[in-house]
Amino acid sequence: MAINQPMITVSIVDDEKGLRESIATFINGSAGFRCLSNYGSAEAALKSLPGDKPDVVLMDINLGGMTGIECVERLKAVSPNLQILMLTVYEDTDQIFKALAAGATGYLLKRSSPTKLLQAIREIYAGGSPMTSSIARKVVASFQKSKQIGEKPPHLSPREEMVLNCLAKGLTYKQIADQLDISIDTIRTYLRRVYEKLHVQSRTEAVAKYLSH
């Protein structure tokens, strides 16, 4: 008997109406996915998106008014657990890095195939952070550069360190749960504590800051 897969809900923020509606239609037509809402500006998204409570947000970087990067920062301030996938036309590493530092979980090029889009959404939903190694290196380098001499590494429990090590290896929440014999909810609890101790807002930042120590 087939096991029912969870419905992954998505919200879109993009100022290109045609593209935004096309992505929404594609997501709604894909099994296991549902588009809850779509917004043409960061300002509109900030007003209503937190109430939508989507599993994943698709965020354009270059919006007409407020940038997608600033939108990410403001959304994460009110919804810390919100998972955001940046969408960009070009592989602009500086812009993407700034978005990740603001709290985004990963990024995807707009020219990527529809299949790749669904894969990236699933990856983020499952606990992954889709991005290239060059971006990951930028994040790590940033924390290494800002690290003060003599700064003591934050104290993490053995379990918290295990979870971070698994995330650094690219494992999803499910894979970590299987490996450590704990539930996915327990992993999220560990990560909330880690975020507080490391003063970060995303898995990417947590792993990078931990590795820099």
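In what follows, residues are counted from 1 in the order of the sequence shown.
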Using the rule given for side-chain contact (heavy atoms from CB on, under 4.5 Å), can you reason through Val13 versus Leu63, listing the C-alpha separation, both sets of side-chain angles and the distance that settles it, and then say yes or no?
CA-CA 9 Å; Val13 184; Leu63 296 170; 3.9 Å; yes
State, with a plain yes or no, whether a side-chain heavy atom of Gln179 is found less than 4.5 Å away from one of Met162.
no
I want to check something: taking the side chain as every heavy atom from C-beta on, are Pro158 and Glu161 in contact at a cut-off of under 4.5 Å?
no
Single-linkage hydrophobic cluster, 4.5 Å side-chain cutoff, Leu108 and Val89 together:
no
Mind running side-chain hydrogen bond (donor to acceptor under 3.5 Å, both in side chains) on Asp185 and Tyr173 for me, showing each step along the way?
CA-CA 9 Å; Asp185 284 339; Tyr173 282 6; over 6 Å; no
Any chance you could measure Ser41, atom OG, to Leu46, atom CG, to the nearest 0.5 Å?
8.5 Å
Heavy-atom closest pair (Val10 atom, Pro54 atom, distance to 0.1 Å) is C-CB, 4.0 Å
Between Glu21 and Gly18, is there a donor-acceptor pair closer than 3.5 Å when you use the side chain of the first and the backbone of the second?
no
When every non-hydrogen atom of Asp55 is compared with those of Gln83, the smallest separation belongs to O-CB, 3.5 Å
Sub-4.5 Å side-chain heavy-atom contact between Glu70 and Thr67:
yes
Does a donor on one side chain and an acceptor on the other come within less than 3.5 Å for Ser37 and Ser11?
yes
From Leu36 atom CG to Ile8 atom CD1, the distance as rounded to the nearest 0.5 Å:
12.0 Å
4.5 Å side-chain heavy-atom contact, Glu123 and Leu85:
no
Test your reading of the model: is there a side-chain donor-acceptor pair from Asn38 to the backbone of Ile12, 3.5 Å cut-off?
no
Using every non-hydrogen atom in the two residues, find where Thr105 and Gly128 come nearest and quote the distance to one decimal.
CG2-O, 3.6 Å
Between the CZ atom in Arg122 and the OG1 atom in Thr172, the distance rounded to the nearest 0.5 Å is 13.5 Å
Run the side-chain contact (heavy atoms from CB on, under 4.5 Å) test on Val57 and Leu49 for me, step by step, so that the C-alpha distance in whole Å, both residues' side-chain angles and the decisive distance to 0.1 Å come before the verdict.
CA-CA 9 Å; Val57 177; Leu49 195 151; 3.8 Å; yes
Start with the C-alpha gap between Thr189 and Thr186, add the side-chain angles, then the distance that decides, and say whether side-chain hydrogen bond (donor to acceptor under 3.5 Å, both in side chains) holds.
CA-CA 5 Å; Thr189 298; Thr186 299; 5.8 Å; no
Full working for side-chain contact (heavy atoms from CB on, under 4.5 Å) between Cys166 and Gln175:
CA-CA 9 Å; Cys166 288; Gln175 290 170 326; over 6 Å; no
Within the 3.5 Å criterion, strictly below it, is a donor on Thr25 or Ser22 matched to an acceptor on the partner's side chain?
no
Which heavy atom of Leu118 sits nearest to which heavy atom of Ser30, and what is that distance?
CD1-OG, 3.7 Å
Could you check if a side-chain atom of Leu75 sits within less than 4.5 angstrom of a side-chain atom of Met59, using non-hydrogen atoms only?
yes
Take Ile84 and Met86, measure what side-chain contact (heavy atoms from CB on, under 4.5 Å) needs, and give me the verdict at the end.
CA-CA 6 Å; Ile84 303 174; Met86 304 306 296; 4.0 Å; yes
Hey, is Asp15 close enough to Arg20 for a salt bridge, meaning N to O under 4.0 Å?
no
If you compare all heavy atoms of Ile176 against all heavy atoms of Val163, which two are closest, and at what distance to 0.1 Å?
CD1-O, 4.1 Å
Report the C-alpha distance between Glu43 and Lys47 in whole Å, list the side-chain angles of each, state the deciding distance to 0.1 Å, and finish with yes or no for salt bridge (charged side-chain N to carboxylate O under 4.0 Å, His left out).
CA-CA 6 Å; Glu43 291 81 359; Lys47 183 182 295 185; over 6 Å; no
Common cluster, Leu191/Ile124, ILVMFWY with side-chain heavy-atom separation under 4.5 Å
no
Is there a donor-acceptor contact under 3.5 Å from the side chain of Lys76 to the main chain of Leu82?
yes
Would you give the length of the straight line joining atom OH of Tyr107 to atom CG of Leu100, rounded to the nearest 0.5 angstrom?
9.0 Å
Separation between NZ of Lys174 and OH of Tyr125, rounded to the nearest 0.5 Å
13.0 Å
When you group the ILVMFWY residues by side-chain heavy-atom contacts below 4.5 Å and let the links chain together, are Ile69 and Tyr39 in the same group?
yes
Working to the nearest 0.5 Å, report the span between CG of Leu117 and OG of Ser113.
8.5 Å
Flag yes if Leu109 and Ile23 sit in one hydrophobic cluster, no otherwise; membership is Ile, Leu, Val, Met, Phe, Trp, Tyr, and two members link when side-chain heavy atoms are under 4.5 Å apart.
no
Can a salt bridge be assigned to the pair Glu16 and Lys110 using a cut-off of 4.0 Å between side-chain N and carboxylate O?
yes
Leu87 versus Asp60, closest heavy-atom pair with distance
O-OD1, 3.4 Å
